[in-house]
There are 2 protein chains.
Amino acid sequence: MSAAKSEEPTLLEGIEPASVRALMAAGIECFADKGFNATTTRDISARAGFSPAAVYVHFPSKADLLFATSRLGHESALKVLEEAPGDEEDPAHRIELMVAAFAAWHARNNRLARVVQYEGRALPAKHRAEINTVKERFQRCIESELEAGIAAGQLTAPDVPGTALAILSLCIDVARWYSPSRDRSPEQVGALYSELMLRMVGATPA
Amino acid sequence: MSAAKSEEPTLLEGIEPASVRALMAAGIECFADKGFNATTTRDISARAGFSPAAVYVHFPSKADLLFATSRLGHESALKVLEEAPGDEEDPAHRIELMVAAFAAWHARNNRLARVVQYEGRALPAKHRAEINTVKERFQRCIESELEAGIAAGQLTAPDVPGTALAILSLCIDVARWYSPSRDRSPEQVGALYSELMLRMVGATPA
DNA sequence: GTCTATAACCAGATAGAC
DNA sequence: GTCTATCTGGTTATAGAC
């Protein structure tokens with residue numbers, strides 16, 4: 001656990017005050033590295049440059065800090081998925097843009113994405129339920145695009161819910177293996193994955 | 001955490017003595033449910049039907065119990081991947097069998113698979129290194145099948161290492177979302193995923 | 001808002017009886 | 001080999017000074 005150089009560049013930008021932003025950035029790094037339960041409040045405070053008690057000035061508990069970061073991550077990922085197609089109308093092109101953006105998000109924000117995907121267990125039931133309502137929207141997002149593409153005769157899928165799940169799953173698992181130093185750029189991952197996805201739904205472009 | 005009904009049916013069969021088998025089964029359930037760090041040695045012992053100190057009779061530490069289960073899982077998954085094609089020689093059919101088996105393994109053994117994929121961080125460096133040597137073989141396995149299929153003119157891929165990684169990733173992420181009560185059977189997951197994979201590499205069968 | 005100091009608790013691991 | 005009892009260290013969270 002070295003110094004706190006790598007703050008999440010864009011996602012935390014709007015968070016105020018700066019001490020909360022620093023604590024959230026530190027929490028993301030620590031939770032991604034070691035998991036929620038192996039991270040101590042001292043780890044987080046130290047990485048953010050504060051004394052051991054600092055977490056409790058801004059959050060009621062360590063779990064509330066996790067909730068804040070987890071919600072931020074879910075909302076950001078959902079926003080990316082929903083806004084990716086813009087005003088594009090062609091169904092195959094829409095889903096191509098969505099997958100490229102969603103996969104790239106999981107690469108670019110892979111630390112936060114790991115927290116989002118793998119640390120949800122540690123949330124208290126009430127907070128986990130709130131997070132789960134967001135999760136359901138991801139699946140519906142992809143399914144409706146697939147259905148539109150199939151209706152338009154552009155795509156084929158052996159099983160729409162299963163294929164939608166597989167597409168999401170493929171993008172989400174980027175968070176598990178992606179390493180910014182070792183792998184392709186987030187944009188390259190997005191480009192490769194959207195191409196593989198198009199092949200998967202029978203819409204090979206070139 | 002309810003009673004210890006659901007032992008891993010086949011994988012732990014050969015483990016002796018029975019107390020070690022029970023501890024490993026309990027460890028898999030607990031680690032999969034709550035993660036390594038949130039699981040206490042008391043959780044494991046209680047679930048296996050022993051007193052709080054039982055773990056230490058058979059394992060030097062909680063981390064050694066994790067290592068034993070993690071190694072068992074990696075070896076089992078690798079064996080499934082390597083042995084799936086049998087004496088089949090057609091490259092497209094070989095990779096189809098491999099993906100069907102590997103995806104189904106992650107569904108069937110989804111608790112153990114979660115431990116294998118998400119709890120490796122908690123292993124001490126030496127044990128993690130041993131596990132990583134196994135992990136590398138998965139990627140090579142898929143890559144060489146892709147290359148054979150491309151050489152035979154049966155498959156196409158925009159990027160062999162990237163496509164191999166995506167195929168593995170797709171199968172591995174089954175462990176994250178699969179629930180035996182809610183989802184398709186492991187065999188159905190394998191069938192769907194091998195079909196999606198064949199489309200992805202340009203070998204649509206029907 | 002941040003610090004130092006500490007309370008209260010809990011978990012990994014061990015000792016020694018049976 | 002399993003148990004009960006316990007040691008020891010570390011963790012969350014709080015109190016109260018500055």
Side-chain angles (χ1 to χ4, degrees), chain A residues 1 3-4 12 15-70 115 119 121-128, chain B residues 1 3-4 12 15-70 115 119 121-128:
Chain A
M1 278 349 86
L12 292 169
I15 308 284
E16 293 292 343
S19 47
V20 169
R21 186 167 63 249
L23 287 166
M24 286 179 71
I28 291 166
E29 294 299 313
C30 291
F31 296 153
D33 276 354
K34 310 203 292 181
F36 176 78
N37 284 285
T39 297
T40 69
T41 55
R42 287 169 173 84
D43 290 336
I44 300 166
S45 299
R47 186 181 269 263
F50 293 109
S51 78
V55 167
Y56 298 96
V57 175
H58 296 286
F59 297 93
S61 73
K62 189 175 73 154
D64 284 277
L65 171 55
L66 173 65
F67 176 59
T69 60
S70 185
V115 178
E119 303 302 324
R121 281 187 301 217
L123 291 170
K126 185 191 158 174
H127 287 161
R128 198 163 53 236
Chain B
M1 281 345 91
L12 291 169
I15 309 284
E16 294 291 344
S19 46
V20 170
R21 186 166 63 249
L23 287 166
M24 287 179 70
I28 291 166
E29 295 299 312
C30 292
F31 297 153
D33 277 353
K34 310 204 291 182
F36 177 78
N37 284 286
T39 297
T40 70
T41 55
R42 288 167 176 82
D43 290 336
I44 300 165
S45 298
R47 186 182 270 264
F50 293 109
S51 77
V55 166
Y56 298 95
V57 175
H58 296 285
F59 298 92
S61 73
K62 189 174 75 153
D64 283 278
L65 170 55
L66 173 64
F67 177 59
T69 60
S70 185
V115 179
E119 303 303 323
R121 281 188 301 217
L123 291 169
K126 185 192 155 171
H127 286 161
R128 198 163 52 235

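Chain A is the first sequence line, chain B the second, and so forth, proteins listed ahead of strands; every chain is numbered from 1.
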Using a cut-off of 4.0 Å on non-hydrogen atoms, how would the nucleic acid contact of A:Thr40 be classed: base, sugar-phosphate, or nothing?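 It contacts sugar-phosphate atoms only.
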Heavy atoms under 4.0 Å, any strand shown: does A:Ser45 hit a base, just sugar-phosphate, or nothing?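 It contacts nothing in the nucleic acid.
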Look at the aromatic rings of A:His127 and A:Phe67 and report parallel, tilted or perpendicular, splitting at 30° and 60°.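 Answer is parallel, since the angle falls under 30°.
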Check step by step if side-chain contact (heavy atoms from CB on, under 4.5 Å) holds for A:Lys34 and A:Asp43. CA-CA 10 Å; A:Lys34 310 203 292 181; A:Asp43 290 336; 2.9 Å; yes
To the nearest Å, how far apart are [X] [atom1] and [N] [atom2]?
X       : N      : atom1 : atom2 : result
B:His58 : C:dG12 : NE2   : P     : 18 Å
B:Leu65 : C:dA11 : CG    : C1'   : 16 Å
B:Leu66 : C:dG12 : CG    : P     : 13 Å
A:Leu23 : C:dG1  : CG    : P     : 11 Å
A:Ile44 : C:dT2  : CD1   : C1'   : 17 Å
B:Lys34 : C:dA11 : NZ    : C1'   : 12 Å
A:Asp64 : D:dT14 : CG    : C1'   : 16 Å
A:Lys62 : D:dG10 : NZ    : P     : 16 Å

Map B:Asn37 and A:Ser19 onto DNA chain C by nearest heavy atom, then report which one ends up closer to the 5' terminus.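 Its nearest nucleotide lies further toward 5', so the answer is A:Ser19.
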Selection from [options] that lies nearest to any side-chain heavy atom of [X]:
X       : options               : answer
A:Ala53 : D:dT2, C:dT14, D:dT14 : D:dT14
B:Ser51 : C:dA13, D:dC3, D:dT2  : D:dC3
A:Arg42 : C:dA5, D:dA5, D:dA13  : D:dA13
B:Phe50 : C:dG12, D:dC3, C:dT2  : D:dC3

Please confirm whether the shortest side-chain N or O distance from A:Tyr56 to OP1 or OP2 of D:dT14 is below 4.0 Å.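 Looking at the OP1 and OP2 atoms of D:dT14, neither is under 4.0 Å from any side-chain N or O of A:Tyr56.
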What do the steps show when you test A:Thr41 against A:Tyr56 for side-chain contact (heavy atoms from CB on, under 4.5 Å), and what is the final call? CA-CA 9 Å; A:Thr41 55; A:Tyr56 298 96; 3.2 Å; yes
Toward the 5' end of DNA chain D, which comes first, B:Pro17 or B:Pro52, by nearest nucleotide?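 It is B:Pro17, whose closest nucleotide lies nearer the 5' terminus.
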For the side-chain contact (heavy atoms from CB on, under 4.5 Å) test, which of A:Val20, A:Asp64, A:Leu65 pairs with A:His58?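 Only one of A:Val20, A:Asp64, A:Leu65 forms a side-chain contact (heavy atoms from CB on, under 4.5 Å) with A:His58, namely A:Val20.
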Derivation of the side-chain contact (heavy atoms from CB on, under 4.5 Å) call for B:Thr39 and B:Glu119: CA-CA 12 Å; B:Thr39 297; B:Glu119 303 303 323; over 6 Å; no
